[in-house]
Amino acid sequence: AITVKKQGGCGFFKLYETLMKFYEQKLMSIEEISNFSKTQEQMLEIAKSVSKNLGLVYYNYDNVVSTYIIDWMNRGYDKNSLEFISNYCFRQNIHTLENMNVVVQKFFKLGLVSMESIEQYISAVLADDENIKQVLEILGLLRTVSSNDRDFYKTWTNNWNFSLQTILKVATVSKGKSNGFAYMNKILASLNENNLKTDKEIDNYLKNSSYSAPKQKQTFDYKQHEYS
């Protein structure tokens, strides 16, 4: 009842609504209820800030708090980290709370909870994106980096230990193919299976295999002849 009064409510309906909220969040002890009430205002503030960063506006943010904010904070995320993640999501064309939740769940599974760990991870992702953009440019693909591109690139670099130089070289060989990324993956997979890692080994393999760089179209210099 004291909590209801502090929130400006009155009557048995408001009391019932508040008790149901405690029940839904599985808050049974006085200490749990007290702590929840103290952080309610903070959670509402986070809900508004995160929603704003995603480009969203709601008349009432209670559902945002109960559906997302409480779970995220229980996992160890705070106001700063959630605002940082929401800004990152917006830059990645993620504009819904449900899709942001997918990102948060991914970070949590990777053990990324602190601001420092999240910043380091995102910096690495953005650095990889810049490298992938170079690949896309060579392949002549005018589009943004996709999650599928990142999965390919992660396999090439982290699992198969190919350098960016090698990847760009193979991208040049793959230019003009109907599915450039798949063609690149086929070449890199073959190199990996044959344990070819040095520049000399890779160059020899590409030269003597069916994979070769696109040939330049031959041009002819036709000179004008005068006939008498």
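Nothing fancy with the numbering, it's 1 onward along the sequence. The structure presented is a predicted model; accordingly, all values stated were derived computationally and were not measured.
Screening residues 131-155 for ring pair (Phe, Tyr, Trp, His ring centres under 6.0 Å) gives Phe152-Trp156, Phe152-Phe181 as the qualifying pairs, with residues at least two apart or on separate chains. Screening residues 80-92 for salt bridge (Lys or Arg N to Asp or Glu O under 4.0 Å) gives Lys79-Glu83 as the qualifying pairs, with residues at least two apart or on separate chains.
Residues passing the salt bridge (charged side-chain N to carboxylate O under 4.0 Å, His left out) test with Lys106: none are found, sequence neighbours excluded. Partners of Tyr58 under the ring pair (Phe, Tyr, Trp, His ring centres under 6.0 Å) rule, at least two apart in sequence or in another chain, are Tyr61. Taking the salt bridge (charged side-chain N to carboxylate O under 4.0 Å, His left out) definition, one finds that Asp203 meets it with Lys169, sequence neighbours left out. Leu196 is linked by a side chain to side chain contact (heavy atoms under 4.5 Å, CB included) to Leu191, Asn194, Glu201, Tyr205, counting only residues two or more places apart in sequence or in another chain.
Remark: Lys177 NZ to Met184 CE distance equals 13.5 Å, nearest 0.5 Å. Of the inter-residue distances, the one linking Asn93 atom CG with Asn99 atom CG reads 11.0 Å to the nearest 0.5 angstrom. Taking CD1 of Ile118 as the start and CD1 of Ile85 as the end, the distance is 4.0 Å to the nearest 0.5 Å. Within the model, atoms OH of Tyr121 and CG of Leu126 stand 10.5 Å from one another, a figure rounded to the nearest 0.5 Å.
Salt bridge Asp149/Arg143: present, at least one basic N to carboxylate O contact under 4.0 Å. A salt bridge does not link Arg150 with Asp128: none of the charged nitrogens is closer than 4.0 Å to a carboxylate oxygen. Electrostatic pairing of Glu130 and Lys133 counts as a salt bridge here, judged by a charged N lying under 4.0 Å from a carboxylate O.
Ring pair Tyr88/Phe107 is tilted by interplanar angle, where 30° to 60° counts as tilted.
Two residues are said to be in side-chain contact when any heavy atoms from C-beta on lie closer than 4.5 Å; Asn53 and Phe84 fail this criterion.
In the hydrophobic clustering of ILVMFWY residues, with side-chain heavy atoms under 4.5 Å counting as a link, Leu112 and Val125 come out together.
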